[in-house]
Amino acid sequence: MRKNNFRNIAIIAHVDHGKTTLVDGLLHQSGTFESHQNISSRVMDSMDLEKERGITITAKNTAIFYNDIKINIVDTPGHADFGGEVERSLNLVDGVLLLVDASEGPLPQTRFVLQKALLRDLPIILIINKIDRSDSRIKEVVDEVYDLFIDLDANDKQIEFPIIYTNAKAGTAHKEILDDSKDLSSLFDLIIEKFPGPEATDDSTTQFLITNIDYDSYVGQVAIGRLGNGTIDLNSRYSLCKENDVIKNQKLSACYTFNGLKKVKVESLESGDIIAIAGIDNISIGDTISCNENPKPLPRIKVDEPTVSMFFHVNNGPFAGNEGKFLTSRHVKDRLQKEVLGNVSLQIKDTNHTDVFEVCGRGELQMAILIETMRREGYEFMVSKPQVITKDEDGKVYEPVENIYLDVQENHVGIITEKLSKRKGRMVNLQNNGFGRVTLDFKIPSRGLIGFRSQFLTDTKGSGIMNALFDSYAPWFGNIPQRNNGVLIADRNGKITTYASLGMADRGELFEKVSTDVYKGMIIGERNRPGDLDVNITKEKKLTNMRASSSDATVVLRPPQSLSLDQCIEFIAEDELIEITPENIRMRKMELDINKRLSLKKKDKE
């Protein structure tokens with residue numbers, strides 16, 4: 001039975017194509033916010049990191065009412081690293097809005113999410129956004145979208161999608177490019193006309209698939225998902241269907257439905273709606289809540305396997321405990337396990353050491369977001385260089401391979417092709433659009449991409465666009481050269497001095513500024529040739545009776561190169577760690593003592 005009083009839809013778009021801005025417009029024009037409410041822009045990007053980076057990280061849902069029909073909107077991440085969020089959110093919906101920039105066209109991350117939607121046979125409405133851009137090329141972009149659908153093996157029904165043109169910032173939607181529409185009502189009408197209501201029956205067995213988990217300090221774990229069939233009453237008892245077990249007589253403490261960005265408490269919930277419940281402990285994503293007498297679990301959510309792992313260490317450096325609130329292995333482990341509760345694409349594994357944990361995820365960006373979130377919460381820990389997760393089949397080692405899509409200026413094609421070929425990349429396609437820019441497609445092992453992004457931006461002078469997408473597993477590609485240069489390492493504890501920094505000018509580039517506290521084994525810069533160099537960066541100038549101490553005050557030092565967390569993750573080598581604290585990000589050698597490092601190096605050679 002179709003429930004026409006609901007519409008459940010997801011929005012798919014590439015990073016920064018205006019998806020969250022469009023949701024803002026829909027919320028405002030549906031009357032979700034009162035006229036006196038002062039609402040920040042991009043209300044759906046609730047995490048500070050989302051607003052800073054301009055990307056959606058976690059899938060969030062909101063609800064609006066239009067002509068007495070409740071439209072549940074799920075805002076999905078546009079980056080492949082957060083694919084676990086994408087796959088879950090597509091379980092909730094019956095239709096997809098595909099949002100594409102009128103100038104940039106469909107970019108690779110759009111391709112990733114769209115492919116998932118087409119596999120689920122969801123109907124699609126194409127939204128061409130930012131039509132007011134001076135460099136918009138609407139006709140060509142529509143053709144590119146058709147090409148993308150054909151490339152993804154879309155069927156005839158899927159390829160007959162309706163198109164609507166929007167300016168999300170101004171809050172207007174147009175059926176034809178130059179019509180006189182002043183609001184988004186034509187988009188609302190198209191959603192209700194083209195997307196079906198959910199298939200659900202109130203009278204049958206209760207089936208509620210948990211697709212997301214929130215945490216509330218007052219009611220505990222909150223399960224979010226779509227009520228597939230049946231109803232849920234606050235005062236009834238239900239069974240929790242785990243992967244290998246069914247736990248009966250579960251009592252609920254609260255039932256919620258969504259209105260705007262708020263959860264609204266209700267006594268009962270009807271099928272077809274996106275809902276939330278609280279009161280059941282130890283729930284995990286993919287579980288089903290069903291009736292007590294005759295439970296019928298729904299198929300569990302399957303998510304792509306992780307491809308990258310990093311080791312999280314308890315901080316054992318000389319400055320440990322000076323800046324962070326949460327330092328011990330118990331603190332770090334509890335926080336990582338809490339993250340796994342709500343993030344289905346992450347996995348935590350114990351190692352042979354009690355103070356080291358292996359975290360497996362979908363990419364460097366996902367790891368960087370987790371590390372930065374923990375850092376802001378007051379955690380202090382260390383992380384290793386990302387490594388790819390390999391598979392053993394028939395005695396052979398297989399590693400993940402990615403498709404990378406590059407958009408670069410013509411004069412940069414040579415150097416980029418040379419760098420990628422050294423990292424075992426193979427060119428699949430080259431397209432010169434005749435505008436001075438070239439589109440390149442490469443297949444490359446994931447190992448080859450670790451540390452490549454910063455080099456790519458340097459080589460293209462910041463003008464290149466790069467996107468990566470998981471492709472498949474392939475036999476091990478052999479040795480891939482990583483960072484060519486060595487590092488400058490502090491050989492004692494102390495403060496960096498101007499005199500010592502001046503002496504390093506011809507040895508390489510410093511990462512730390514003068515008067516920064518350093519310790520033995522800490523990385524303070526990049527050397528300008530291969531091989532590491534231990535230096536005395538705390539050396540003071542000896543004073544004599546011939547010269548005043550102020551005579552060197554006019555010396556001008558080159559400012560240090562300050563690395564962000566993402567750049568540090570790309571920069572470090574296998575034998576190095578990043579020390580993360582709420583106030584600082586430092587790089588260091590795994591083994592701080594130079595003599596022990598040298599003896600380990602000798603052992604490795606033998």
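Numbers here simply count residues along the sequence, with the first being 1. Excluded from the calculations below are hydrogen atoms, water molecules and symmetry mates; all remaining heavy atoms, backbone and side chain alike, are included.
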Do [X] and [Y] pair up side chain to side chain, a donor and an acceptor below 3.5 Å, judged on atom types alone?
| X | Y | result |
| --- | --- | --- |
| Asn91 | Arg120 | yes |
| Asn129 | Thr166 | yes |
| Gln158 | Asp121 | yes |
| Ser103 | Asp135 | yes |
| Ser309 | Glu358 | yes |
| Asp287 | Ser284 | yes |

Is the [atom1] atom of [X] crowded by more than 12 outside heavy atoms at less than 6.0 Å?
| X | atom1 | value |
| --- | --- | --- |
| Lys419 | NZ | yes |
| Gln561 | CD | yes |
| Lys424 | NZ | yes |

Are the side chain of [X] and the backbone of [Y] linked by a donor-acceptor contact shorter than 3.5 Å?
| X | Y | result |
| --- | --- | --- |
| Ser136 | Ile138 | no |
| Gln567 | Ser564 | yes |
| Arg588 | Met590 | yes |
| Arg447 | Gly478 | yes |

*Can Val401 and Tyr473 be said to form a side chain to side chain contact (heavy atoms under 4.5 Å, CB included), step by step?*
CA-CA 6 Å; Val401 176; Tyr473 275 82; over 6 Å; no
Determine whether [X] and [Y] make a side-chain contact, defined as any pair of heavy atoms from C-beta on separated by less than 4.5 Å.
| X | Y | answer |
| --- | --- | --- |
| Asp459 | His412 | no |
| Leu99 | Ile128 | no |
| Thr390 | Trp476 | yes |
| Gln366 | Leu346 | yes |

_Any pair counted as ring pair (Phe, Tyr, Trp, His ring centres under 6.0 Å), so long as it reaches residues 123-157, sequence neighbours left out_ = Tyr146-Phe161, Phe149-Phe161
*asked:* How close do Val308 and Met367 get, counting heavy atoms only, and between which atoms?
replied: O-CE, 3.6 Å
*Provide the closest heavy-atom pair for Ile9 versus Leu97 in the form atom of the first, atom of the second, distance.*
CD1-CD1, 3.8 Å
*First locate atom NZ of Lys139, then atom CG of Asp143, and finally report the distance between them rounded to the nearest 0.5 Å.*
5.0 Å
*Rounded to the nearest 0.5 Å, what separation is found between the CE atom of Met382 and the CD1 atom of Ile578?*
11.0 Å
_Partners passing ring pair (Phe, Tyr, Trp, His ring centres under 6.0 Å) against Phe312 (at least two apart in sequence or in another chain)_ = Phe381
*asked:* Both conditions, 6.0 Å and 45 degrees, for the charged tip of Lys391 above the ring of Tyr398: are they met here?
replied: no
*Using the six-membered ring wherever Trp is involved, compare the ring planes of Phe456 and Phe452 and label them parallel, tilted or perpendicular (cut-offs 30° and 60°).*
tilted
*Please test Arg133 against Glu104 for side chain to side chain contact (heavy atoms under 4.5 Å, CB included), starting from the C-alpha separation and ending with a verdict.*
CA-CA 11 Å; Arg133 279 181 68 152; Glu104 294 179 11; 4.0 Å; yes
*Qualifying residue, where the test is salt bridge (Lys or Arg N to Asp or Glu O under 4.0 Å) with Asp532 and the options are Arg597, Arg527, Lys589*: Lys589
